[in-house]
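As the structure is a prediction and not an experimental result, all values here were calculated from the model. Residue numbers start at 1 and run along the sequence shown.
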Amino acid sequence: LSPTPKTPVTIEESLTTMLKQARVTALTLGTAAMLTLTGCASWDNTSTTNAALQKELQEGDIQDIANATGPARVDSLAEVEPVTDSPSPALPVELTDADGNDVVVDDVSRIVALDLYGTYTKTLRGLGLGENIIGRTVSSTEESLKDIPSVTAGGHDINVEAVLNLDPSLVIVDHSIGPASAIDQIRAAGVTTVVMSPERSIETIGQDIRNVAGVVGLPEEGETLAQRSEDELAKAQETIAGIIPDEPLRMAFLYARGTGGIFYILGDEDGSSDLIEALGGTDIASENGIGSPTPASAEALVELNPQVFVMMNAGLESTGDIAGLLDRPGVAQTDAGKNQRVLTLPDGDSLAFGPQTAEMLLRAAKGLYLGDESGNSN
């Protein structure tokens, strides 16, 4: 792995860094090969929720997709059901992290887990280590963590002093947040720090889970959680494939923050294609050669002319909800704008591709195809 550049970046470069998903192997773990676990703890809550959503989609009345109007919003997802209530990490774990540092993890009792989407806290909870989390980012919005302090300022900047004040035994982090110098300061202070580099894609959900599990000495639990997540995803994809129209919806992912200049079209480098295609749509941006985030100019939007905009919940709210979005140049001239067809997803889950991906896809599909504006009721 090549070390991540640690030079100052511009605001636009910072945005691109936050949105881009790494395309390299996450870790070289110094642990034994992970085993398939035949016996496992109960995960009835997860399975029951997804099964109910699948039934609704299979038995519901699919709306006239071509003439559908109005927004759909997924507010929240169920918390990840742990695969065990009594994890027993096999420590120490010796590994080389994504920055090329040799690390020995010998204590996971006090974990600070930091990434743009809050995926690590969700994965750790799924592994049974929810009570070991003592610090998080603003993206880790789980109800169980509401009293756990956030150690990021302005959303994605690590507050080094806040991290050190928590006296963590382990920091799990990646370069979706930063700056890199903050991570270096935490490591220099003597805190065991593991820098990850997840791929975050539909295809790598299981492997990204296994990598985190390997770091904390729970490879068997990681295999169980990964297999469960992959199985639930496969069922969700099969259900959605059974209800999508013959002519896929043309969709584009918009990233907005405020009413000013942060208004971008995301492309295939950001994971938006995986999300849109999993929902049975066509990522019209990627089809037109958009890779990294591209300014959502009036000309670009009109040329793409999507039928549905996909956005993050807070992004739509920050730009003034539907009315504010329609005031943006070019938006009202698209088919999506004319019909106010906007699908919004929880910020921390939309492109995370973690253990809750199956539920997110099912709820989003419910909003898109059944016309349930909330996408949330079972």
Side-chain angles (χ1 to χ4, degrees), residues 1-6 22 24-35 37 82-84 86-115 119-137 140 148 151 158-199 204 206-226 354:
L1 296 176
S2 300
T4 300
K6 300 181 180 180
V24 293
T25 303
L27 291 169
T28 303
L29 296 171
T31 57
M34 299 183 182
L35 305 175
L37 195 65
V83 298
T84 178
S86 55
S88 182
L91 301 174
V93 172
E94 298 181 3
L95 59 89
T96 302
D97 76 359
D99 276 359
N101 297 296
D102 294 329
V103 184
V104 177
V105 178
D106 55 13
D107 184 354
V108 297
S109 62
R110 298 177 60 80
I111 304 174
V112 173
L114 308 174
D115 69 309
T119 313
Y120 299 142
T121 57
K122 298 172 179 66
T123 301
L124 290 170
R125 174 182 167 81
L127 295 171
L129 294 177
E131 294 185 358
N132 297 48
I133 300 170
I134 62 167
R136 60 181 178 88
T137 70
S140 293
I148 300 299
V151 295
I158 300 171
N159 183 326
V160 175
E161 183 178 0
V163 172
L164 297 180
N165 284 342
L166 292 175
D167 189 26
S169 63
L170 172 65
V171 171
I172 298 176
V173 65
D174 63 40
H175 289 293
S176 64
I177 63 171
S181 59
I183 299 173
D184 291 342
Q185 290 177 51
I186 294 169
R187 184 187 299 111
V191 178
T192 300
T193 303
V194 176
V195 177
M196 310 287 288
S197 187
E199 291 196 30
T204 63
Q207 191 55 51
D208 287 343
I209 290 172
R210 294 179 180 97
N211 287 338
V212 174
V215 169
V216 296
L218 294 171
E220 292 186 348
E221 289 83 353
E223 183 61 36
T224 304
L225 180 61

Between OG on residue S140 and CD1 on residue I133, distance to nearest 0.5 Å
7.0 Å
Could you tell me if N132 and S109 have a donor-acceptor pair between their side chains, going purely by distance under 3.5 Å?
no
Search all heavy atoms of L127 against all heavy atoms of A213 and return the closest pair with its distance.
CD1-CA, 3.7 Å
For side chain to side chain contact (heavy atoms under 4.5 Å, CB included), just list the numbers for V151 and T137, CA-CA rounded to whole Å, side-chain angles, deciding distance to a tenth of an Å, and then say yes or no.
CA-CA 6 Å; V151 295; T137 70; 5.9 Å; no
Evaluation steps, side chain to side chain contact (heavy atoms under 4.5 Å, CB included), between V103 and E94:
CA-CA 6 Å; V103 184; E94 298 181 3; over 6 Å; no
Any R210 side-chain heavy atom under 4.5 Å of E223 side chain
yes
Beyond-backbone contact of V215 with V93, side-chain heavy atoms, under 4.5 angstrom:
no
P92 side chain near V105 side chain, heavy-atom distance below 4.5 Å
no
A side-chain contact here means heavy atoms from C-beta on lying under 4.5 Å apart; do I158 and V173 qualify?
yes
Which heavy atom of E199 sits nearest to which heavy atom of D208, and what is that distance?
N-OD1, 3.5 Å
How far does OG1 of T121 sit from CG of L129, to the nearest 0.5 angstrom?
12.0 Å
Taking the side chain as C-beta and beyond, is there a heavy-atom pair between L164 and V191 under 4.5 Å?
yes
Do you know which two heavy atoms are closest between P89 and V216, and how far apart they sit?
CB-O, 3.2 Å
Rounded to the nearest 0.5 Å, the CZ atom of R136 sits from the CG atom of L166 at a distance of 11.0 Å
Atom pair CD1 (I209) and OH (Y120), whose distance is rounded to the nearest 0.5 Å
12.0 Å
Evaluation steps, side chain to side chain contact (heavy atoms under 4.5 Å, CB included), between E221 and L225
CA-CA 6 Å; E221 289 83 353; L225 180 61; over 6 Å; no
Between T192 (side chain only) and L170 (backbone N and O only), is there a donor and an acceptor less than 3.5 Å apart?
no
D97 and V195 have their tightest heavy-atom pair at OD2-N, 3.1 Å
Validation row: H175, S197 side chains within 4.5 angstrom (heavy atoms)
no
Looking at every non-hydrogen atom in both residues, tell me the closest pair between I134 and P168 and how far apart they are.
CD1-CA, 3.9 Å
Main-chain N/O of E220 paired to T224 side chain as donor or acceptor, under 3.5 Å
yes
Tell me if a side-chain donor or acceptor on D99 pairs with a main-chain N or O of N101 at a distance below 3.5 Å.
no
Hey, does the side chain of S169 reach the backbone of R110 with a donor-acceptor pair shorter than 3.5 angstrom?
yes
Check whether any side-chain heavy atom of V212 lies under 4.5 Å from a side-chain heavy atom of L124, and answer yes or no.
yes
Atom CZ of R187 and atom OG1 of T193: how far apart are they, to the nearest 0.5 Å?
6.0 Å
Interatomic distance, CG@L114 vs CD1@I172, rounded to 0.5 Å, equals 9.5 Å
